[in-house]
Amino acid sequence: MDEELHERIREVIAGVPVGKVATYGDIASIAGAPSPRMVGRVLSEDGHDLPWQRILRANGTPAPHLAHRQLELLRAEGVLADGQRVNLRTYRWRP
DNA sequence: AATTTGACAATGT
DNA sequence: GACATTGCCAAAT
């Protein structure tokens, strides 16, 4: 049910390996979410224990309010960002 | 009950 | 690359 969706989204996010990243759209598609907004909503509400820093927007740029922190965390994990943008072609997670 | 808002994406101009 | 439009769904006001 709706809780499962919530859990699936968390599951997929948790499944992203270190050193890789995924986009909201990818998570939504893999988890079966009706819209990528659900992913963002889950993270904002319940993403405190998840690797939210590995989730980027479709163009490789992180969410505006987190950008600075997120890039820092990613850098610590080995994901190098070009200024504000991450090379999805290099770091995008593919199942 | 109706509108707005929000960790978004795809397409067109 | 910037800007506008459309689709999307749940929670807050």
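Worth knowing before you read on, the calculation uses all heavy atoms, side chains too, and leaves out hydrogens, waters and symmetry mates. Chain letters run A, B, ... following the sequence lines, proteins first and then strands; every chain starts at 1.
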When rounded to whole Å, the OH to C1' distance for the pair A:Y24 and B:dG6 reads 11 Å
Rounded to whole Å, NE2 of A:H6 lies from C1' of B:dA7 at a distance of 13 Å
Testing B:dA9, C:dC9, B:dA7 for proximity to the side chain of A:S35, the answer is C:dC9
### Query
Taking side chain as C-beta onward, heavy atoms only, is A:H6 less than 4.5 Å from A:R41?
yes
Ranking B:dA7, B:dA10, C:dC9 by distance to the side chain of A:M38, first place goes to C:dC9
Rounded to whole Å, the CD1-C1' distance (A:I9 to C:dA10) equals 11 Å
Worksheet item: Are A:E77 and A:R54 close enough for a salt bridge, meaning some N to O gap below 4.0 Å?
Response: yes
Just by distance, do the side chain of A:N59 and the backbone of A:T61 share a donor-acceptor pair under 3.5 Å? yes
Between CD1 of A:I55 and P of B:dA7 the distance, given in whole Å, is 16 Å
When rounded to whole Å, the CZ to P distance for the pair A:R41 and B:dG6 reads 15 Å
Main-chain N/O of A:Q53 paired to A:Q70 side chain as donor or acceptor, under 3.5 Å: yes
So CG of A:L66 and CH2 of A:W52: to nearest 0.5 Å the spacing works out to 5.0 Å
Side chain to side chain contact (heavy atoms under 4.5 Å, CB included) test vs A:R10 passes for just one of A:L43, A:V42, A:I27, namely A:V42
To the nearest angstrom, the CD-P distance between A:Q53 and B:dA7 comes to 17 Å
**Message:** Does this structure show an ion pair linking A:D26 with A:R92, if we count only N-O contacts that are shorter than 4.0 Å?
**Reply:** yes
Residues in residues 78-95 of chain A with a heavy atom under 4.0 Å of DNA chain B, by number, are none
- request: Please state the C1' separation for the pair B:dA7 and C:dA2 - nearest whole angstrom.
  value: 22 Å
Separation of B:dA10 atom C1' from A:R57 atom CZ, nearest Å, is 14 Å
Separation of B:dA7 atom P from A:D46 atom CG, nearest Å, is 16 Å
Between A:E45 and A:P36, the residue closer to the 5' end of DNA chain C by nearest nucleotide is A:P36
